[in-house]
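When a residue number appears, it is its place in the shown sequence, counting from 1. Reckoned from all heavy atoms, side chains included, excluding hydrogens, waters and symmetry mates.
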Amino acid sequence: MLMTPGLAFFYGGMVRSKSVLNMLMLNFIALAVVTVLWMLYGYSEAFGNDAFAGLVGNFDNSGLAGTVGQLTGPKDHQIPVLAFVMFQLMFAVITPALISGAIADRTKFWSWVVFLIVWVTVVYFPVAHWVFAFDSADGSTLGGWLANRIKALDFAGGTAVHINAGAAGLALALLLGRRKGWPKEPMRPHNVPFVLLGASLLWFGWYGFNAGSALAASDLASVAFTTTTVATAAAVLGWLITEQFRDGKPTTLGAASGAVAGLVAITPACAFVSPLGAAAIGLIAGVVCALAVGLKFRLGFDDSLDVVGVHLVGGIIGTLLIGFFGTTSVNSGGADGLFYGGGFAQLGKQAIGAFSVLAYSFVLTFIIGWIIKKTIGFRVDAEAEVTGIDESEHAETAYELGGFVGAGRGVGKVSGTSTVLEGSKS
């Protein structure tokens, strides 16, 4: 749960001051909306017994029916079903929140809420079934096609979370179009300390994401804990070194972005690779994602906060590199990749997992977004975008940059012009 407010600060620091509250709200509202849907039918749609060809669960557990007092997991370590329900809820919450960064500075709040409701219902919940729902040992319950038929490996959501959100972010960025003035007008982060704070909260919360996916305080959890840390550290270095060679300076924003890129890339692989393999994955992700964020300028799509460059590209890197660095020496339930004598077989399975989710998410997101755009509208009007989306959508501003001090010595108007934050003048 900590990851979603962390993401809000990570994204919120990167936007201009006049739209920071809207950015925070696009993230925070996911906690409210997705939680209610998860209880009503989302958990059942994702983890219920398969309803059709490994594509979607049935609705027998709607309203969380049949979950109280029940246990799940292997016989040697079972946990309450409701604990699993709440753990998986947090994956469902943060995935659509990730998308919001691609359309920052120009999104209607209530249109976003409608998008959340539809998107998690027709995209996230089914994809979670594909990736996370496993057949039961006795065959009485069947799960998703990627996990059980293809056997693509994804320990904690490289496909279901990051590729899914990244592809959706690309679709919406193309659909909503560019922000006013982009790319000619500089749109710098208004609060870089917020960005680093958010990245730090994400890094901490990610241990629950990755190590927690072992569902036990086990050796496998410690492997995921270790590889997550190593990959993230290596990615920070990779991103900063890339900046140094490309731009001549390492930046705080780059360090924060590099950390998130490493976290994204190691997510699917964290329990299937060695610490050395994790370091390689993190380093590759840090370098490649640092280069990938520039693609939006070359290709002309306005992905405001680099969801495509970090989450889509990072998710693809981590998912595919299992096919190279995967080793059964750390997890007998995994597979040996190319570098461990496994050939190209697992790489092919990983590619099917990555690109099937990418295609499904992109197409469905574009359709959902197009319908919203043509009906209730998805983007704020030009005047609101220029004067301030926070005021137009929420009747609030994040900062009071000037005002009157109290009675006594020094009474008078405080200028505040020396501390004007980036973007506040516009």
Side-chain angles (χ1 to χ4, degrees), residues 3-4 6-16 19-20 22-24 26-27 30 91 93-107 112 115-116 119-120 123-124 127 157-179 182-183 187 189 195 198-199 202 206 235 239 253-254 256-265 267 285-286 288-319 354 357-362 364-366 368-369 378-379:
M3 296 173 75
T4 299
L7 179 69
F9 277 101
F10 180 71
Y11 280 168
M14 283 195 280
V15 299
R16 292 169 290 177
S19 57
V20 58
N22 182 254
M23 191 72 257
L24 295 175
L26 297 186
N27 284 261
F91 290 77
V93 166
I94 200 170
T95 304
L98 290 170
I99 303 169
S100 65
I103 52 174
D105 292 326
R106 56 199 189 277
T107 307
W112 172 252
F115 174 80
L116 276 179
W119 191 86
V120 295
V123 180
Y124 180 79
V127 170
T159 53
V161 176
H162 298 292
I163 293 176
N164 200 2
L170 177 60
L172 289 189
L174 293 172
L175 187 69
L176 266 66
R178 303 176 178 185
R179 287 167 290 177
W182 188 90
M187 298 181 181
V195 179
L202 282 168
W206 225 287
W239 192 297
L253 183 64
S257 300
V260 174
L263 290 163
V264 169
T267 291
V288 175
C289 290
L291 299 173
V293 296
L295 289 175
K296 64 183 182 182
F297 297 105
R298 294 186 180 182
L299 301 179
F301 63 91
D302 185 9
D303 170 18
S304 306
L305 308 183
D306 300 316
V307 176
V308 175
V310 174
H311 292 278
L312 180 57
V313 173
I316 292 172
I317 289 170
T319 300
V357 171
L358 191 162
Y360 180 79
S361 180
F362 181 87
L364 267 293
T365 302
F366 198 91
I368 296 166
F378 212 147
R379 181 169 176 162

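To the nearest 0.5 Å, the span separating CZ on Phe91 from CE on Met3 amounts to 8.0 Å. Within the model, atoms CG of Leu253 and CE of Met14 stand 6.5 Å from one another, a figure rounded to the nearest 0.5 Å. Between the CG atom in Asp306 and the NE2 atom in His311 there is a gap of 9.5 Å [rounded to 0.5 Å]. With rounding to the nearest 0.5 Å, the separation of CZ in Phe366 from CG in Leu170 is 10.0 Å. Taken from CD1 in Ile368 to CG in Leu175, the straight-line distance is 11.0 Å, to the nearest 0.5 Å. Atom CG of Leu24 and atom CG of Asn22 lie 9.0 Å apart (nearest 0.5 Å).
In this structure the side chain of Thr267 reaches within 4.5 angstrom of the side chain of His162, judged on heavy atoms. Val293 has its side chain out of reach of Lys296: every pair of non-hydrogen atoms, C-beta onward, lies at least 4.5 Å apart. Between Thr107 and Leu176 the shortest side-chain heavy-atom distance falls below 4.5 Å. Taking 4.5 Å as the limit, some side-chain heavy atom of Trp239 sits within range of a side-chain heavy atom of Val310. You'll find the side chain of Pro183 reaches within 4.5 Å of the side chain of Arg178, heavy atoms only. In this structure, the side chains of Leu7 and Ile94 come closer than 4.5 Å at one or more pairs of heavy atoms. Counting heavy atoms from C-beta on, the side chains of Ile163 and Tyr360 never come closer than 4.5 Å. Taking 4.5 Å as the limit, some side-chain heavy atom of Leu98 sits within range of a side-chain heavy atom of Tyr11.
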Inset, instruction - Begin from the C-alpha positions of Leu174 and Phe362 and carry the test side-chain contact (heavy atoms from CB on, under 4.5 Å) through to its verdict. - result: CA-CA 11 Å; Leu174 293 172; Phe362 181 87; 4.0 Å; yes

Inset, instruction - Go through the steps for Val308 and Leu295 under the test side-chain contact (heavy atoms from CB on, under 4.5 Å), then give the verdict. - result: CA-CA 9 Å; Val308 175; Leu295 289 175; over 6 Å; no

Inset, instruction - Start with the C-alpha distance between Ile99 and Thr365, add both sets of side-chain angles, then the distance that settles side-chain contact (heavy atoms from CB on, under 4.5 Å), and finish with yes or no. - result: CA-CA 10 Å; Ile99 303 169; Thr365 302; 5.8 Å; no

Inset, instruction - Given side-chain contact (heavy atoms from CB on, under 4.5 Å), test Val313 with Val288 step by step and report yes or no. - result: CA-CA 8 Å; Val313 173; Val288 175; 3.9 Å; yes

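The shortest non-hydrogen separation linking Gly262 to Ala235 is CA-CB, 3.4 Å. Residues Phe9 and Gly198 come closest through the heavy atom pair CB-CA, 4.0 Å. Nearest heavy-atom pair across Gly166 and Val307 is CA-CG1, 4.0 Å. The heavy-atom pair separating Arg106 from Gly177 by the smallest distance is NE-O, 2.9 Å. Scanning all heavy atoms of the two residues, the minimum distance from Ala292 to Gly309 falls at CB-O, 4.0 Å. Nearest heavy atoms, Ile103 versus Ser304: C-OG, 4.1 Å.
Under the 3.5 Å distance criterion, with hydrogens and angles disregarded, no donor-acceptor pair is assigned to the side chains of Thr4 and Asn27.
Remark: aromatic rings of Phe297 and Trp182 are close, center separation under 6.0 Å.
With sequence neighbours excluded, the residues that form a salt bridge (charged side-chain N to carboxylate O under 4.0 Å, His left out) with Asp105 are Arg16, Arg179. By the salt bridge (charged side-chain N to carboxylate O under 4.0 Å, His left out) test, Arg379 pairs with Glu385, sequence neighbours left out.
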